[in-house]
2 protein chains.
Amino acid sequence: MTRALSAPDADRAAAFAADARGDGLAVSLVGECATEFEGRAERSLPAGVRSVLWKPDDTVLVHGATGRDPDAWATGGSVAVEATDGRLELRCGDGDAADALTVRFDSVQHAAAFDPADADAEVSGTESDLKERVLADPDLVEPGFQPRSTERETPAGPVDVYGRGRDGAVVAVELKARRVGPAAASQLERYVNALRRDLHADADVRGVLVAPEITEKARRLLAENGLSFSPVE
Amino acid sequence: MTRALSAPDADRAAAFAADARGDGLAVSLVGECATEFEGRAERSLPAGVRSVLWKPDDTVLVHGATGRDPDAWATGGSVAVEATDGRLELRCGDGDAADALTVRFDSVQHAAAFDPADADAEVSGTESDLKERVLADPDLVEPGFQPRSTERETPAGPVDVYGRGRDGAVVAVELKARRVGPAAASQLERYVNALRRDLHADADVRGVLVAPEITEKARRLLAENGLSFSPVE
DNA sequence: CGGTTCATGTCGCAC
DNA sequence: GTGCGACGTGAACCG
């Protein structure tokens with residue numbers, strides 16, 4: 001099921017990779033390579049030893065020594081493998097779009113092929129969890145808050161939680177599962193403005209940003225617009 | 001320099017990985033594994049064959065069959081490798097923070113160690129390129145626009161390009177290298193509002209969003225706030 | 001397919 | 001270290 005090659009020449013490596021991908025396997029290549037990307041931007045990597053992962057969905061990832069994100073990558077397009085000039089070359093072309101990645105190996109130190117899993121993860125602790133909590137305990141938003149609906153549509157987009165305050169005012173709630181900055185404050189402001197416009201002119205609309213923490217600039221933005229922040233957890 | 005093992009037992013795989021990382025190498029492991037993440041969120045992956053890349057900076061990436069992003073990962077913390085119960089286990093703990101990832105292998109099909117490059121890329125086509133273009137040809141913003149400074153500070157943050165229009169009005173320019181949505185329109189609005197507040201009350205301040213394309217909702221947002229959009233490239 | 005928003009976003013830079 | 005915004009963001013969700 002899992003195959004491997006050590007220090008193959010370009011022809012053997014190309015055949016190995018093509019065969020493996022033909023069988024629906026993923027291919028891991030380690031070797032000295034350089035990359036060229038042209039498309040939404042232009043980016044090239046000098047020659048150096050890297051790990052290249054070619055997935056069954058034709059995602060190609062080029063990983064260097066550090067970081068979570070690949071140094072170069074290609075998604076969505078087709079991938080062609082070839083040994084030219086004694087060098088293994090992957091050409092990843094997003095047929096229609098202009099995005100094109102080329103990975104050229106000076107040498108392949110190691111190649112492995114395997115049949116990877118595609119399983120879904122169990123998740124929790126996300127924004128929708130926070131929504132559950134707020135619906136279960138609306139006082140987290142403000143004392144006496146009464147939720148009416150979630151994802152209520154406005155011209156500016158859906159409001160996370162929509163309801164009424166103890167005073168009868170409309171309350172729009174924006175939820176964030178982590179520290180929030182100015183962008184989140186603006187998002188809430190857009191929703192509140194849209195509601196003020198949509199509802200009767202005399203309707204009182206307030207906005208509450210619910211998150212574990214907030215930056216100073218975001219706090220000021222909220223204050224300027226008469227919006228409030230409610231910390232949770 | 002590059003070492004490899006085929007179908008090692010847990011003890012051999014653990015020793016191999018520990019040695020390699022001790023030598024500053026990166027380790028690639030392929031095998032049946034399950035993961036547990038606990039921290040900012042909770043997420044777990046069921047057992048399945050995956051590729052695990054353990055980098056010299058102690059980034060650990062767990063890749064499945066599809067997608068650019070890893071199915072699970074850990075960065076920043078320390079990594080401990082151990083063979084317990086005949087199973088290879090990576091424990092990635094962000095010492096102080098709560099983020100913790102555990103990767104437990106039922107079996108290791110393949111292990112490779114190599115010395116990866118950490119080279120910087122040549123980049124172009126980014127937002128700062130767009131800035132160059134706008135400074136070289138200010139008419140891209142609007143006819144007669146005269147840039148005065150870049151990254152001009154405001155209480156809301158730095159304005160990409162700051163200058164004057166033909167009519168003498170202050171013009172704030174926000175640059176985006178690709179299609180923009182409501183968030184970019186709000187960002188420009190924040191800058192313009194900050195400038196209107198900061199400058200003399202009688203100062204005329206306008207805002208221009210420069211980008212290749214804009215969504216309809218963003219266009220409406222701009223219009224509502226008297227801001228404009230200028231397409232480029 | 002486009003539009004919008006979420007993310008364990010990550011990453012880089014300035015203060 | 002925190003704050004802030006860009007990113008070839010990616011990925012899900014919804015029309």
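The structure presented is a predicted model; accordingly, all values stated were derived computationally and were not measured. Hydrogens, waters and symmetry mates are skipped; everything else that's a heavy atom, side chains included, is used.
Side-chain atoms of B:Asp69 and B:Trp73 include no donor-acceptor pair closer than 3.5 Å. Remark: the B:Ser186 side chain and the A:Arg190 side chain contain an N/O donor-acceptor pair separated by less than 3.5 Å. No hydrogens or angles considered: nothing links the side chains of B:Ser228 and B:Arg206 as a donor-acceptor pair under 3.5 Å.
Heavy atoms of B:Gly125 sit nowhere under 4.0 angstrom from any nucleic acid atom. Counting any heavy atom pair closer than 4.0 Å across all strands shown, A:Ala218 reaches no nucleic acid atom. Using a 4.0 Å heavy-atom criterion, one finds that A:Ala100 contacts no nucleic acid atom at all. The residue A:Glu174 sits close only to the backbone: its heavy atoms come under 4.0 Å of sugar-phosphate atoms, none of a base.
For the C1' atoms, the distance linking C:dT10 with C:dC6 amounts to 14 Å, nearest Å. Separating the P atom of C:dC11 from that of D:dA11 is a span of 15 Å, rounded to the nearest Å. Nucleotides D:dC7 and C:dA7, compared at atom C1', are 14 Å apart to the nearest Å. If you take atom C1' in D:dT9 and the same atom in D:dG5, they sit 13 Å apart, rounded to whole Å.
Between B:Gln187 and D:dC4, a side-chain N or O to OP1/OP2 separation shorter than 4.0 Å is absent. In terms of phosphate contacts, B:Trp73 brings a side-chain nitrogen or oxygen within less than 4.0 Å of OP1 or OP2 of C:dT10. Residue A:Ser128 places none of its side-chain N or O atoms closer than 4.0 Å to OP1 or OP2 of C:dC6. A close approach under 4.0 Å does occur between a side-chain nitrogen or oxygen of B:Arg178 and OP1 or OP2 of D:dT9. Regarding contacts with the backbone of C:dT8, a side-chain N or O of B:Arg43 is found under 4.0 angstrom from either OP1 or OP2. Between B:Thr215 and C:dT4 there is a side-chain polar atom (N or O) within less than 4.0 angstrom of OP1 or OP2. Distances shown here put a side-chain N or O of B:Arg179 below 4.0 Å from the OP1 or OP2 atom of C:dG3. One finds a side-chain N or O of B:Arg40 lying less than 4.0 angstrom from the OP1 or OP2 phosphate oxygen of C:dT10.
The side chain of B:Asp99 lies closest to C:dT8, out of C:dT10, C:dT8, D:dC7. Of the candidate nucleotides D:dA11, C:dT5, D:dG8, D:dG8 has the atom lying nearest to any side-chain atom of A:Phe37. Relative to the side chain of B:Lys217, the nucleotides D:dG8, C:dT4, D:dC4 differ in distance, and C:dT4 lies closest. If you check C:dT8, D:dG8, C:dT5 against the side chain of B:Ala72, the one that comes closest is C:dT8.
Between A:Lys131 atom NZ and D:dC13 atom C1' the separation is 11 Å, expressed in whole Å. Rounded to an integer number of Å, the gap from CZ of B:Arg68 to P of D:dA11 is 7 Å. Atom CG of B:Leu45 and atom C1' of C:dT8 are 12 Å apart (whole Å). At whole-Å resolution of the value, CZ in A:Arg152 and P in C:dT4 are 18 Å apart. Remark: P of D:dA11 and CG of A:Asp118 are 12 Å apart, rounded to the nearest angstrom. In this structure, the CD atom of B:Glu42 is 15 Å from the P atom of C:dA7, given to the nearest Å. B:His63 has its NE2 atom 10 Å from the P atom of D:dA11, to the nearest Å. Atom CD1 in B:Ile214 sits about 15 Å away from atom C1' in C:dG2, given to the nearest Å.
A salt bridge links B:Glu82 with B:Arg91: the closest approach of a Lys/Arg side-chain nitrogen to an acidic carboxylate oxygen falls below 4.0 angstrom. Comment: B:Glu224 engages A:Arg197 in a salt bridge, judged by a side-chain N to carboxylate O separation of less than 4.0 angstrom. A salt bridge is absent between A:Arg50 and A:Glu32: the closest approach of a Lys/Arg side-chain nitrogen to an acidic carboxylate oxygen does not fall below 4.0 angstrom.
Nearest-nucleotide mapping onto DNA chain D: of A:Leu101 and B:Tyr191, the residue sitting toward the 5' end is B:Tyr191. Along DNA chain C, the nucleotide closest to B:Glu153 and the one closest to A:Pro158 are compared, and the more 5′ of them pairs with A:Pro158. Comparing B:Asp69 and A:Val180 against DNA chain D, the residue whose closest nucleotide sits nearer the 5' end is A:Val180.
Atom CZ of B:Arg104 has 12 or fewer heavy atoms from other residues, nucleotides or ligands within 6.0 Å.
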